[in-house]
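For reference, the structure discussed in these notes is given below.
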2 protein chains.
Amino acid sequence: MATIKDVAKLAGVSPSTVSRVIAGSNRISLETKNRVQRAMEQLNYVPNAIARSLARSHTHTIGFALSRRADQAFSNPFFSEVMRGMSTVAQARGYNILLSISLNPEDELSKCLQLVRERRVDGLILSTSRVKDPLIAALSEEEAPFVVIGRCMERPVLSVNNDNVKAGYNATVHLLEEGYREIAYLSGASDLVVTIDRMNGYKQALIERGLPLVEERIGVADFSEQDGYEALCQMKERGVSLDAVVASDDLLALGALQFAERYGLRVPEDLGVVGFNDTPLMVYTHPPLTSVRILSYELGVEAMDLLIDALENPDKKRLKKEIVLPSELIVRGSSRRRGKAE
Amino acid sequence: MATIKDVAKLAGVSPSTVSRVIAGSNRISLETKNRVQRAMEQLNYVPNAIARSLARSHTHTIGFALSRRADQAFSNPFFSEVMRGMSTVAQARGYNILLSISLNPEDELSKCLQLVRERRVDGLILSTSRVKDPLIAALSEEEAPFVVIGRCMERPVLSVNNDNVKAGYNATVHLLEEGYREIAYLSGASDLVVTIDRMNGYKQALIERGLPLVEERIGVADFSEQDGYEALCQMKERGVSLDAVVASDDLLALGALQFAERYGLRVPEDLGVVGFNDTPLMVYTHPPLTSVRILSYELGVEAMDLLIDALENPDKKRLKKEIVLPSELIVRGSSRRRGKAE
DNA sequence: CTGTTAGCGCGTTCAC
DNA sequence: GTGAACGCGCTAACAG
């Protein structure tokens with residue numbers, strides 16, 4: 001494998017000259033430039049990225065942290081889409097993506113710190129955020145550049161989020177307008193900021209319409225259909241009445257559908273259901289699932305752009321920008337009973 | 001950020017000594033070893049991975065190539081699972097994963113070559129294989145270490161695959177045993193080795209049972225429900241009769257379900273359907289989808305292990321091992337009509 | 001415009 | 001057992 005020296009030798013110049021034509025320096029004669037380029041082609045020369053990184057002390061690599069719970073949570077294409085978005089930008093701006101999948105938040109923390117301290121990545125993108133997130137705290141202390149997909153409640157950070165409060169609010173209002181009154185909320189892991197925000201939107205809608213906020217109608221479940229199903233069954237068995245469910249994830253909404261089946265409830269007549277993420281396959285549930293569409297691809301795009309901007313403009317680094325992307329409620333059969341025969 | 005020199009200075013030794021305790025050299029006195037370790041802790045020292053890579057001329061990083069069509073194809077968790085498997089092994093063996101998502105095979109080729117030539121990765125894992133795959137050819141010529149998830153028809157390569165021919169065969173035999181006789185096959189992109197293998201299994205089953213092999217019953221579609229739907233509609237409109245479908249992907253099977261609805265065919269009575277991948281959400285289709293379960297997580301595990309083994313045992317490098325993992329047909333409502341009232 | 005000199009941070013002989 | 005010296009391949013500051 002040819003090195004910069006080989007090229008220099010062949011072209012009859014010094015390595016630094018070669019380095020200059022690679023960098024596209026303008027103070028270089030057209031003639032030697034051509035000569036060098038010919039030599040590079042002839043030797044099939046490609047600069048060694050590692051050596052470059054060492055010399056310039058940055059890697060042009062971004063780490064993406066995914067903890068397994070998050071991963072399985074969204075066995076829907078949410079993260080695939082985010083990654084596609086990130087990847088598009090990374091590609092365009094000359095960056096690479098290093099993947100870090102962990103089994104739990106503790107591992108995630110140590111692996112991310114490792115990546116940063118080893119200087120393997122220039123910055124990190126975090127896939128979710130929790131209340132008092134230790135990872136965010138550690139990274140902040142380390143002064144490592146990072147952006148979180150989600151929101152940080154404790155301190156200003158670079159972040160890209162969707163309007164979860166509003167989305168939760170809209171979903172709930174929609175159910176109210178369809179005539180549902182006893183609306184339950186299915187939360188994901190209770191320390192995830194997303195699910196808390198969505199819940200707050202839900203609460204806000206109820207309060208605004210003067211409806212009672214029944215704590216027993218709020219169920220906490222891991223992001224899985226099974227858990228969603230069980231949470232609702234427990235509610236029912238405790239004698240809590242409900243005629244609709246706002247589920248903070250489509251998988252949980254699926255659990256709600258199962259729950260309806262178990263108790264012989266008709267959807268949407270007896271139970272209205274709305275989920276989150278608008279997972280493509282949810283079109284095929286019976287009835288098709290109403291869901292909040294999240295701009296996951298765009299989330300990835302914005303996150304990567306934000307991080308690279310911060311990286312490349314050290315002056316702006318201190319400005320902790322927070323981007324919020326809109327969501328859209330996609331109404332389908334699972335929540336539309338207005339005008340239907342009762 | 002502390003360097004090896006800082007540690008050396010603090011411990012009152014030379015950098016090479018520090019290097020030795022990092023490497024776990026045994027010819028070092030316990031005393032200085034402890035002294036160095038204390039210094040490392042005190043300075044919160046972590047070796048710079050880039051400098052290491054340069055000195056040792058390998059990165060401990062594996063590239064994973066995904067081309068977008070493959071990605072969207074499997075908006076099911078197939079690749080997530082593969083990645084989880086790869087990640088587990090990578091973690092355990094001290095490797096990192098660099099992600100390379102491309103929009104098309106051409107981009108994929110150039111990006112992968114780039115990664116290898118830049119020496120950014122020690123090796124690559126390819127997510128799919130095509131007939132006369134240019135990427136495989138290029139990588140072979142480059143003598144870059146890589147393993148393909150799938151199979152290479154032209155030359156021996158390191159590969160991890162599932163038993164697609166047998167799986168296609170089993171799926172078809174199952175339909176035959178359920179009494180279906182006019183079985184169609186829905187292929188994915190016609191140059192993907194997976195889909196070809198599955199088709200050959202399908203053909204073999206028909207031939208074995210003495211049934212005619214009707215070329216018109218083989219439809220080619222991209223991996224999407226829409227395409228699957230359209231392929232079958234075209235078949236129908238051309239007057240081709242069919243009473244069952246083997247779809248090389250669950251999404252295509254979904255298209256078959258749509259097709260059935262469109263033409264008022266009852267599933268499984270009038271149309272039997274079996275898909276591939278056993279996507280979790282397919283349990284919720286009506287009726288639940290029969291599908292071939294692929295060991296995607298294990299595929300990732302084996303691929304990563306195979307690659308790292310080859311990397312770390314240069315002597316074995318020449319041995320082009322090909323691993324095949326079993327699959328399992330999960331029978332559900334969409335293909336079970338035996339014993340049912342007709 | 002171009003070459004020389006010094007690193008970037010670490011691994012690895014080769015001596016002592 | 002330990003240190004000095006050199007090299008990995010490239011960039012950057014300084015001359016000229």
Side-chain angles (χ1 to χ4, degrees), chain A residues 1-40 43-61 94 96 114-122 312, chain B residues 1-37 39-40 43-61 94 114-122 312:
Chain A
M1 188 109 299
T3 77
I4 202 171
K5 285 181 188 169
D6 302 327
V7 177
K9 206 169 292 173
L10 182 60
V13 297
S14 80
S16 26
T17 303
V18 178
S19 180
R20 287 195 188 94
V21 346
I22 293 172
S25 165
N26 44 349
R27 44 180 202 166
I28 214 166
S29 83
L30 190 66
E31 191 213 357
T32 55
K33 186 172 169 182
N34 288 141
R35 200 143 38 89
V36 168
Q37 279 172 339
R38 268 205 308 280
M40 297 204 303
L43 293 174
N44 221 311
Y45 171 74
V46 178
N48 181 317
I50 302 299
R52 272 188 128 162
S53 296
L54 184 58
R56 309 209 290 204
S57 63
H58 62 244
T59 59
H60 265 215
T61 301
N96 286 96
Q114 174 101 350
L115 287 180
V116 168
R117 295 214 246 245
E118 279 186 331
R119 304 245 156 259
R120 219 181 259 284
V121 299
D122 293 343
E312 298 185 346
Chain B
M1 187 110 301
T3 78
I4 201 171
K5 285 181 190 169
D6 302 326
V7 177
K9 206 169 294 172
L10 182 60
V13 297
S14 80
S16 22
T17 303
V18 179
S19 180
R20 286 193 188 95
V21 344
I22 294 172
S25 166
N26 46 347
R27 41 175 204 167
I28 214 165
S29 81
L30 191 66
E31 191 216 353
T32 57
K33 187 172 169 183
N34 287 142
R35 200 142 39 89
V36 168
Q37 280 173 337
M40 297 204 302
L43 293 174
N44 221 312
Y45 171 74
V46 178
N48 180 316
I50 302 300
R52 279 188 121 162
S53 297
L54 185 59
R56 308 207 292 204
S57 64
H58 62 244
T59 59
H60 266 215
T61 301
Q114 174 101 350
L115 287 181
V116 168
R117 294 215 248 247
E118 280 185 330
R119 303 246 160 262
R120 219 180 260 281
V121 299
D122 292 343
E312 298 186 345

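The chains referred to below are lettered A, B, ... by the order of the sequence lines, with proteins before strands, and numbering in each begins at 1. This structure is a prediction, so every number in the text was calculated from the model and none was measured.
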Are side-chain heavy atoms of [X] and [Y] found at a separation under 4.5 Å?
{"X": "A:Asp122", "Y": "A:His60", "value": "yes"}
{"X": "B:Ile22", "Y": "B:Val18", "value": "yes"}
{"X": "B:Arg119", "Y": "A:Met1", "value": "yes"}
{"X": "B:Thr32", "Y": "B:Arg35", "value": "yes"}

To the nearest Å, how far apart are [X] [atom1] and [N] [atom2]?
{"X": "B:Ile28", "N": "C:dT12", "atom1": "CD1", "atom2": "P", "result": "14 Å"}
{"X": "A:Glu31", "N": "C:dT2", "atom1": "CD", "atom2": "C1'", "result": "13 Å"}
{"X": "B:His58", "N": "D:dG9", "atom1": "NE2", "atom2": "P", "result": "14 Å"}
{"X": "B:Lys33", "N": "D:dT2", "atom1": "NZ", "atom2": "C1'", "result": "15 Å"}
{"X": "B:Asp6", "N": "C:dC8", "atom1": "CG", "atom2": "C1'", "result": "13 Å"}
{"X": "B:Leu30", "N": "D:dG1", "atom1": "CG", "atom2": "P", "result": "11 Å"}
{"X": "B:Asn34", "N": "D:dT2", "atom1": "CG", "atom2": "P", "result": "11 Å"}
{"X": "B:Leu43", "N": "C:dG9", "atom1": "CG", "atom2": "P", "result": "14 Å"}

Exercise for review: Kindly say if B:Ser29 contacts the phosphate of D:dT2, meaning a side-chain N or O under 4.0 Å from OP1 or OP2.
Suggested key: yes
Taking only N and O in the side chain of A:Thr17, is any of them less than 4.0 Å away from OP1 or OP2 of C:dT2?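 No, outside the criterion.
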Does [X] reach a base, just sugar-phosphate, or nothing at all? Heavy atoms under 4.0 Å.
{"X": "A:Ser25", "answer": "nothing"}
{"X": "B:Ser53", "answer": "nothing"}
{"X": "B:Leu54", "answer": "base"}

Protein heavy-atom contacts under 4.0 Å, written 5' to 3' over nucleotides 10-16 of chain D as B (base), S (sugar-phosphate only) or - (none), form the string BSBBB--
Note: B:Tyr45 and B:Ile4 closest approach over all heavy atoms is CE1-N, 3.6 Å
Exercise. Kindly give the heavy-atom pair with the smallest separation between B:Arg20 and B:Ile28, and that separation in Å.
Key: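 Heavy atoms of B:Arg20 and B:Ile28 come nearest at CB-CD1, 3.8 Å.
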- Looking only at atom types and distance, does a side-chain atom of B:Asn34 sit under 3.5 Å from a main-chain N or O of B:Glu31, one as donor and one as acceptor? no
